[in-house]
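What follows is a single structure, written as structure tokens, with notes after it.
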Amino acid sequence: RLRKWQSRLRVSDAAERNLAFALSELDRIASQLSLPRHVEEEAARLYREAVRKGLIRGRSIESVIAACVYAACRLLKVPRTLDEIADISRVDKKEIGRSFRFIARNLNLTPKKLFVKPTDYVNKFADELGLSERVRRRAIAILDEAYDKGLTSGKSPAGLVAAALYIAGLLEDEKRTQREVAEVARVTEVTVRNRYKELVDKLNLKIPV
Amino acid sequence: MVDMSNVKLRIENIVASVDLFTQLNLEKVIEICPNSKYNPEEFPGIICRFEEPKVALLIFSSGKLVVTGAKSVEDIERAVNKLIQMLKKIGAKFGRAPQIDIQNMVFSGDIGMEFNLDAVALSLPNCEYEPEQFPGVIYRVKEPRAVILLFSSGKIVCSGAKSEHDAWEAVKKLLRELEKYGLIEEEEEW
DNA sequence: ATATTACTTTGCAAAGC
DNA sequence: GCTTTAAAAAGTAATAT
């Protein structure tokens, strides 16, 4: 009886210590990414729910916390690339991605709930690139047309947005280099180039020389 | 009824576990396997490749094997018999026929129609789609157990099935779901 | 800037750490 | 959990020329 209580106390002790560690890790990530309070709170909620459902087994607390941060950003439409989160996490991008897909499956975070409009990424990247409202609208128009023509399925949203901003910059005379857009979107220049070529070709865009 | 007339499936890989019911001395076996590798430190089995039939075999001291890379069940049987003939030369005794269990079959295929994966992911229950990490929709079929990767081109990969029949059944279930949620007849309305 | 090679995802067994 | 093996899909990434 007493032993039972002691082991229960030990278990709850460990659980509390783990939760404290998880929340401090969440705090660290949230502050480094300058995440709004409500996103951090949502990530904490997701984490507690994941613990309640026993989804941490076999996964590191750090990868699950990072996954919850990414999920919260997606749910609340606060654009953050997985790369940005992986940069400041101790676990690699691959592991965070696995944990993210696992909690998404088990916490019923459907693709619909997780969907972030390309517009949100356009604004985030455009902010970092200092691009005008006109360029943003042009990029969104390009993305809409690309979607209608079936050019976006299976492609990296970040790569598509990067290429659209690159093109819109050229068309609106606010050029940013492929290197610059690739850097903010966290994709390679080759990806920007590939998306650029396809969009220019299939949407018959005339790029000023 | 779902129209499967335009659907194609091709076997790409078959994984089987085999029991030879004989203990093996891997140090001796390694001598008679031409292109093989054996590093007990990193992996407990011998990794052996046959060119005909083209398969890879993992040979364990327990007399159990894993045969991968086969394009047909017959390839696996031929590979196992070939290995048995080789093992007989180093004195291995075989009291009974080997037991071969197909564990996994991988198919590539085509549904014959393009898909807007955003639309699929929005309506198809229990599917995953993270284009930032992988270009296909991941759909898990419970019965028969299998997983199908669906790409925007309409090409698919089906894995986890234990037979060709199961793979076709799994694909049929996916098509029924796609049809049920109005994702089949789309042509221009992306 | 392009070509090649490599890695992402899915499924599974084997024996041992 | 990990280690090793196989193969496809289509995308992205890393490295070579």
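Chain identifiers are assigned alphabetically (A, B, ...) following the order of the sequence lines, protein sequences preceding nucleic acid strands; residue numbering begins at 1 within each chain.
To the nearest whole angstrom, the two P atoms, one in D/dG1 and one in C/dT10, are 12 Å apart. Of the C1' atoms belonging to C/dT9 and D/dA13, the separation is 16 Å, rounded to the nearest Å. Rounded to the nearest Å, the gap between the P atom of D/dA8 and that of C/dT2 is 27 Å. Nucleotides D/dT5 and C/dA6 have their P atoms positioned 14 Å apart, rounded to a whole Å. Here the separation of C/dT8 from D/dC2, taken at their P atoms, is 12 Å to the nearest Å.
If you take CZ of B/F134 and P of D/dA10, they are 10 Å apart, rounded to a whole angstrom. In this structure, the CD atom of B/E51 is 17 Å from the P atom of D/dT5, given to the nearest Å. In this structure, B/E114 atom CD and D/dA9 atom P are separated by 15 Å, rounded to whole Å. Remark: P of D/dG11 and CG of A/L151 are 11 Å apart, rounded to the nearest angstrom. As a whole-Å value, the separation of A/K197 NZ from C/dA3 P is 8 Å.
Remark: side-chain polar atoms of A/Q32 are not paired, donor with acceptor, to backbone N or O of A/I29 under 3.5 angstrom. Judged purely by atom type and a 3.5 angstrom limit, B/N13 uses its side chain to pair as donor or acceptor with the backbone of B/G69.
A distance of 5.5 Å separates CG in B/L150 from CZ in B/F115, rounded to the nearest 0.5 Å. For the atom pair CG of B/N104 and OG of B/S159, the computed distance is 6.0 Å after rounding to the nearest 0.5 Å.
Secondary-structure stems of DNA chain D, taken as three or more successive Watson-Crick or G-U wobble pairs (i with j, i+1 with j-1) under a 3.5 Å distance threshold, comprise C:1-8 with D:10-17, C:13-17 with D:1-5.
Using a 4.0 Å heavy-atom criterion, one finds that B/L149 contacts the bases of the nucleic acid, with or without backbone contacts as well. Residue A/V187 is classed as a sugar-phosphate contact, given heavy-atom separations below 4.0 Å to backbone atoms only.
In the displayed structure, A/R28 atom CZ is contacted under 6.0 Å by more than 12 heavy atoms of other residues, nucleotides or ligands. Counting non-hydrogen atoms of other residues, nucleotides and ligands closer than 6.0 Å to CG of A/D173 gives a total of 12 or fewer.
The residue among A/Q178 and B/V157 whose nearest nucleotide of DNA chain C lies closer to the 5′ end is A/Q178. The residue among B/L58 and A/V190 whose nearest nucleotide of DNA chain C lies closer to the 5′ end is A/V190.
When the side-chain nitrogen and oxygen atoms of B/R140 are compared with OP1 and OP2 of C/dG11, one or more of them lie within a distance under 4.0 Å. Distances shorter than 4.0 Å separate some side-chain N or O of B/S153 from OP1 or OP2 on D/dA10.
The pair A/E198-A/K155 meets the salt-bridge criterion, with a side-chain N (NZ, NE, NH1 or NH2) lying under 4.0 Å from an Asp/Glu carboxylate O.
With C/dA1, D/dT5, C/dA14 as the choices, the nucleotide that has an atom nearest any side-chain atom of B/I47 turns out to be D/dT5. In this structure, of D/dG11, D/dA6, D/dT4, it is D/dG11 that holds the atom nearest to the side chain of B/S152.
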